[in-house]
Each structure stands twice: as structure tokens, then as C-alpha cells.
Amino acid sequence: MAFSLSYSSMGNHGLSSCTAVADRNSGGCCTFGQAIVWKKSKSRELSIVSVATDLPPILQPPWKEVVREQKLAAWTSVRQDRWEGELVVEGEIPKWLNGTYLRNGPGLWHIGDYNFRHLFDGYATIVRLHFDNGRLTMAHRQIESDAYKAARKNNKLCYREFSEVPKHDNLLSYIGDLANLFSGASLTDNANTGVVQLGDGRVVCLTETIKGSIIIDPDNLDTLGKFEYSDSLGTLVHSAHPIVTESEFLTLLPDLLNPGYLVVRMEPGSNERKVIGRVDCRGGPSAGWVHSFPVTEHYVIVPEMPLRYCAQNLLRAEPTPLYKFEWHPESKGFMHVMCKASGKLVASVEVPLFVTFHYINAYEEKDEDGRVLGIIVDCCEHNANPAILDKLRLQNLRSWSGEDVLPDARVGRFKIPLDGSPNGELVDALNPDEHGRGMDMCSINPEYLGKKYRYAYACGARRPCNFPNTITKIDLEEKKAKNWYDEGSVPSEPFFVARPGATEEDDGVVISMVSDKNGEGYALILDASTFKEIARAKFPYGLPYGLHGCWVPKR
């Protein structure tokens with residue numbers, strides 16, 4: 001594969017544009033259809049830059065991807081480490097939509113001739129959609145983690161990823177790697193899962209290892225350095241999805257030695273996490289996986305899932321079907337409710353077995369006098385089936401032959417009583433057939449975080465499929481769903497942005513990035529109320545599937 005790029009500088013603001021060409025077959029250069037690339041001058045005006053066929057080369061990545069040819073770009077590595085340009089918009093982007101949508105996710109799944117095995121292994125690619133008065137500029141860059149830089153330098157895996165372990169030359173190097181594992185030195189800092197804007201404006205990319213917290217510049221996507229926590233809590237992993245508002249940062253720290261969870265808070269402008277309280281596990285040999293967790297106005301809900309961290313699997317050189325986890329149905333499932341203000345545990349109930357990566361929202365049920373009777377927690381629940389983890393192996397995603405192999409999922413609703421009852425419920429929030437029995441990658445109107453709400457936006461399923469392939473609007477009041485679908489395409493997480501001054505919960509737009517069946521991709525904007533497409537903008541080439549994003553308002 002041949003690459004060449006042309007960059008133009010805008011001083012301290014980093015890359016202003018990048019005209020890119022690539023030719024997988026002949027080694028020569030080709031343009032991306034009739035693409036027009038725009039360039040910002042020092043006066044910040046836009047001028048057309050023609051796509052050349054003899055651009056000066058840059059350093060070629062020291063690896064070559066070895067995968068079978070396929071059209072869908074969602075499961076292939078990003079073509080180059082960066083690109084920026086203005087996109088041609090079909091339709092009309094609302095003039096009020098001004099700001100930047102950032103989406104993080106795995107984007108590079110190979111080193112040299114070696115291909116990674118799992119969706120979650122890829123080196124992080126951050127994508128930027130900048131909306132400005134109806135115009136749209138797209139950019140992407142690799143996040144320059146230590147793991148990524150070491151792989152480029154040495155042309156091999158150097159850190160432990162989700163399912164990948166560096167190859168050891170001898171027994172001594174293996175023993176050294178184990179020692180580094182216990183200290184955390186060999187764990188990846190590949191921040192490929194989420195991206196959040198803190199209350200003080202800093203933008204941080206995250207993964208489940210604490211060392212994988214990396215600050216980026218949202219304007220040019222430069223990697224600025226590690227987000228170093230200044231406390232001495234000493235844990236190695238945390239929830240990949242903290243709860244972030246203008247006033248606080250909440251997260252869970254699983255205790256892998258003395259099974260339990262620390263609930264911690266960090267103030268805007270601070271790097272110090274302070275402990276609110278601790279929850280001890282009620283079952284199982286270790287803490288349950290806490291990829292995410294929900295909150296209400298007054299409580300933090302700590303889930304204890306039967307899919308639990310497993311030290312033995314962590315030490316293995318080859319992955320098991322559940323990777324770093326084990327399924328322990330005998331340990332049961334629990335929901336713990338902690339008061340944010342006091343750190344006291346106000347409820348700890350057994351619930352039916354469950355598997356969920358992502359919680360949608362939670363809120364308090366109150367009586368007429370305002371007394372809290374219970375907690376409602378909604379999530380994307382995989383019918384207590386942990387097999388979804390192995391279904392996300394890249395081989396499974398790339399080799400789909402048309403069978404309906406996506407495991408069922410639903411909007412699961414936990415009902416947690418606060419009257420001292422020992423048991424909670426888990427029910428369907430609506431008929432799963434409304435969204436094709438597929439459900440994940442969710443967002444809501446952030447104004448309704450921790451409050452009673454009506455609408456959620458997620459990825460559902462049009463069967464048969466091997467991966468969620470619709471964008472779905474869930475109406476929890478009417479118990480109905482609207483589904484957007486483009487045959488053969490894979491949309492990423494639908495992200496809701498509210499219209500300034502809106503009074504209705506669904507007054508805004510939903511943004512997604514779509515990988516289409518022709519190997520191309522585009523940004524998609526839906527009217528969140530009608531759920532009709534109002535605009536799309538074609539990318540210069542298809543991008544890999546991404547995970548989670550955030551909205552950075554115009555400053």
C-alpha cells in the first residue's frame with residue numbers, strides 16, 4: 001500500500017488541511033472520486049486545493065495490513081494516520097449546530113504482517129467533525145500512546161492489549177513481563193474507548209487502564225500527554241465510562257485483590273480523585289466487570305455483574321473465549337445504591353443474571369410527597385449471555401456470510417426497591433422486536449442525565465446480521481422505536497446534540513458516522529424529533545468502526 005500526504009500549516013494551531021491519496025494496488029496515486037479538499041490560510045479563509053497526483057511522500061507506517069479484500073471498511077485499519085478537509089454536504093446542516101463532535105475508537109488492527117484478533121485491540125483513532133454555520137470539516141489522527149509509538153518504532157506489539165500479549169523470546173522475558181503486569185508497566189495505555197470533555201475544558205481519551213488516560217487538543221487532535229492522577233489510590237483499572245458533568249467527574253475503581261469497588265469523585269480543574277465510599281462484592285471470586293455504570297440525582301448505582309475479572313485469564317499468553325473475564329452465574333448479580341453525599345450504601349439487592357456493557361440512564365421513582373421509593377436503571381442488556389464478547393472477534397465480523405448470528409439484546413430495566421427488600425427486578429422496557437432484538441451504543445439528551453426521561457438513541461438490528469446495523473430512537477413512554485437503516489452499512493454510536501434553547505427532550509440532532517457497503521463512509525445527521533435524515537457528508541474514504549464520542553461546544 002502506498003501513501004502520500006500534503007500538509008499545510010497554520011502556525012501553532014497544528015494541521016489545517018491534508019490532501020491525501022492512496023493506491024492499494026499499483027502503488028501509484030489516485031484521488032477519492034471527485035473530492036474537493038479545502039485549506040485554511042493564515043487569514044482563516046477557505047480556498048480550494050486541487051488533488052495532486054505527485055504529492056511529496058511522508059514516512060510510510062512500518063507495517064502492511066494482511067486481510068482479505070472486502071468492501072466494508074468498518075473492520076479494516078485506517079488508511080493513513082491523519083487527514084483533514086472540508087466535506088461536501090448533501091442536505092442542510094442546521095445553522096445552530098456549531099461545535100465539534102469527537103469520536104474515539106480502535107482504528108489500526110495490525111502490526112507488520114500480524115493482525116490483531118479483537119475489535120477492542122486496535123490502536124486508537126480520534127475523528128473530528130467540526131460544524132460551523134452549516135459547513136462541516138472532518139479530520140482524524142492516531143492517538144500517540146506509548147503503546148502505539150512503541151509498535152511503530154519496533155514493528156511489533158510491545159504492550160498487553162485487550163486480547164493480545166507481546167510474544168516472548170524466552171522464559172526470562174516472560175517472567176519479566178509477568179512482573180511488569182502486576183506493576184501495571186506492561187498494560188496498554190492505548191486510549192481507544194471513549195473521549196470526554198472535563199468541566200475545566202480539558203479533553204481526555206480513555207480506556208479501562210488508568211494509565212490509558214490521554215489529553216488531546218480538540219482543535220487539531222494533537223496528543224498533548226498523559227492525564228496523570230495526583231492521588232495515591234494505586235489501582236490499575238477503572239470504568240471506561242466515567243460520569244462527567246460541568247461540576248464533577250465520577251468513576252468506579254474495581255478492587256481486584258479484595259473484591260469490591262471504590263466510588264470516587266474528581267472536581268473540575270483537579271487531577272485528584274477523592275473516595276466517596278466503597279462497595280464490597282457480595283458474590284464471586286473477584287469484582288464484576290464495570291465498563292460503565294449509572295447515576296441518579298442523588299445516588300451512584302454500582303453494578304455487580306456475574307461476568308467477573310479473572311487473574312488467570314489475564315496471565316494467559318493466548319485469549320480464552322471471555323478474554324480477561326469469567327462467567328460465574330453461581331455468584332449471582334447485584335445492584336448497589338450509594339448516596340453521593342454521604343457515601344453510605346442505602347440498598348444492595350440481588351437481581352436476575354445480566355450482561356451489559358452500557359447503561360442508558362437511571363432515575364429515582366418518587367411518591368407524591370417527593371419521597372424516593374426506588375431506582376429505575378435502563379441498560380443495553382445481552383440476555384445474560386456473555387458470548388457477545390467473542391462475537392466481536394475481527395474474524396467473525398469480517399467473514400459474515402449472511403446468517404443471523406448477532407446475539408439478542410434488549411433495553412433491560414432494573415427496578416431497585418429502597419424499602420429494604422432483598423431482591424430487585426429486571427424486565428424489558430419495551431418489546432425487543434421493536435428494535436430487532438439488537439441494542440447497544442446508546443446516548444440520551446444530557447440534560448436528562450440521572451432524571452426521568454423518555455428518549456434514547458442506540459444501535460439496533462435489522463435481521464439477519466452479525467452486528468448492530470440500525471440507528472434506533474427508543475420512546476420509553478410509547479414503548480415504540482423508530483429505526484434508520486441503510487442496507488449493508490454499519491453506523492457508529494448515535495450521539496444526541498440538543499438545539500440551544502430547546503424545551504422538548506428530543507429537540508436536536510443525532511450524529512453518526514456510517515461505514516457503507518461500497519467501502520466508503522459518511523457523516524450522517526438525523527432530526528432527532530422526526531428521525532428523518534437531514535444531511536450527510538461523504539468521507540474521502542471509509543473509516544474503521546468507532547466506539548464513543550463527546551460534544552465540544554463552540555467557544
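Note: hydrogens, waters and symmetry copies are ignored here, and every other heavy atom, side chains too, is used.
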Are [X] and [Y] close enough for a salt bridge, meaning some N to O gap below 4.0 Å?
X    : Y    : result
K226 : D189 : yes
R135 : D132 : no
D433 : R437 : yes
D527 : K532 : no

Backbone N or O of [Y] within a donor-acceptor pair of the [X] side chain at under 3.5 Å?
X    : Y    : value
R410 : H382 : no
E381 : N383 : yes
N190 : A124 : yes
T245 : S247 : yes
H238 : T207 : yes
E364 : T296 : no
N192 : G122 : yes
S492 : M513 : yes
N361 : K451 : yes
N104 : G194 : yes

Rounded to the nearest 0.5 Å, what's the gap from [atom1] on [X] to [atom2] on [Y]? Could you check?
X    : Y    : atom1 : atom2 : answer
E144 : D222 : CD    : CG    : 8.0 Å
R103 : Y545 : CZ    : OH    : 8.0 Å
L524 : D486 : CG    : CG    : 8.5 Å
E493 : I471 : CD    : CD1   : 10.5 Å
L406 : W400 : CG    : CH2   : 10.0 Å
M439 : E434 : CE    : CD    : 10.5 Å

Write down the atom of [X], the atom of [Y], and the distance for their closest heavy-atom approach.
X    : Y    : result
V244 : Q197 : CG1-O, 3.3 Å
P303 : L252 : CD-CD1, 4.2 Å
Y159 : T188 : CB-CA, 4.0 Å
S489 : V514 : CB-CG1, 3.7 Å
Y485 : N469 : CD1-O, 3.6 Å
V89  : G134 : CG2-O, 4.4 Å

Q. For the residue pair Y123 and F116, does the interplanar ring angle fall in the parallel (under 30°), tilted (30 to 60°) or perpendicular (over 60°) class?
A. perpendicular
Considering residues at least two apart in sequence or located in another chain, which fulfil the side-chain contact (heavy atoms from CB on, under 4.5 Å) criterion with [X]?
X    : result
P544 : V78, W109
E478 : R454, D475, K480
E90  : R536
E208 : A240, W289, H291

(Q) Run the side-chain contact (heavy atoms from CB on, under 4.5 Å) test on Y359 and H241 for me, step by step, so that the C-alpha distance in whole Å, both residues' side-chain angles and the decisive distance to 0.1 Å come before the verdict. (A) CA-CA 10 Å; Y359 291 87; H241 294 283; over 6 Å; no
**Q.** Set of residues satisfying ring-ring contact (aromatic ring centres under 6.0 Å, His included) with respect to H435, sequence neighbours excluded
**A.** none
**Q.** Partner set under ring-ring contact (aromatic ring centres under 6.0 Å, His included) for Y457, not counting sequence neighbours
**A.** F496
Any side-chain heavy-atom pair from [X] and [Y] closer than 4.5 angstrom?
X    : Y    : value
P432 : D408 : no
L102 : L221 : yes
L547 : M441 : yes
P254 : V237 : yes
I376 : R413 : yes
L129 : L136 : yes
I360 : V411 : yes
I215 : V203 : no

Q. What's the verdict on side-chain contact (heavy atoms from CB on, under 4.5 Å) for Y101 and V497, showing C-alpha distance, side-chain angles and the deciding distance?
A. CA-CA 9 Å; Y101 173 56; V497 180; over 6 Å; no
Q) Could you go step by step and tell me if Q142 and T125 meet the side chain to side chain donor-acceptor pair (under 3.5 Å) rule? A) CA-CA 5 Å; Q142 295 304 110; T125 301; 2.6 Å; yes
Q: Decide if atom NZ of K452 counts as having more than 12 heavy atoms of other residues, nucleotides or ligands within a radius under 6.0 Å.
A: no
Q.
Tell me whether Q395 at atom CD has more than 12 heavy atoms from other residues, nucleotides or ligands lying less than 6.0 Å away.
A. no
(Q) Could you walk me through whether S163 and E161 satisfy the side chain to side chain donor-acceptor pair (under 3.5 Å) test, starting with their C-alpha distance in whole Å, then the side-chain angles of each, then the deciding distance to 0.1 Å, before giving a yes or no? (A) CA-CA 6 Å; S163 76; E161 303 296 337; over 6 Å; no
Q: Step by step, work out the side-chain contact (heavy atoms from CB on, under 4.5 Å) result for M138 and F539.
A: CA-CA 8 Å; M138 189 271 276; F539 297 148; 3.7 Å; yes
Q.
Whether the Y363 and D378 side chains hold a donor-acceptor pair (N or O, under 3.5 Å, no angle test) is what I'd like checked.
A. no
Q) Any side-chain donor paired with an acceptor under 3.5 Å for S77 and H110? A) yes
Can you check whether [X] and [Y] have ring centres sitting under 6.0 Å from each other?
X    : Y    : value
W551 : F495 : no
Y323 : F162 : yes
Y448 : Y455 : no

Q) In this structure, which one of E164, K324, H118, R117 forms a side chain to side chain contact (heavy atoms under 4.5 Å, CB included) with P319? A) R117
Q: For the pair R152 and D81, evaluate side-chain contact (heavy atoms from CB on, under 4.5 Å) and give the outcome as yes or no after the intermediate values.
A: CA-CA 11 Å; R152 292 199 62 155; D81 66 356; 3.3 Å; yes
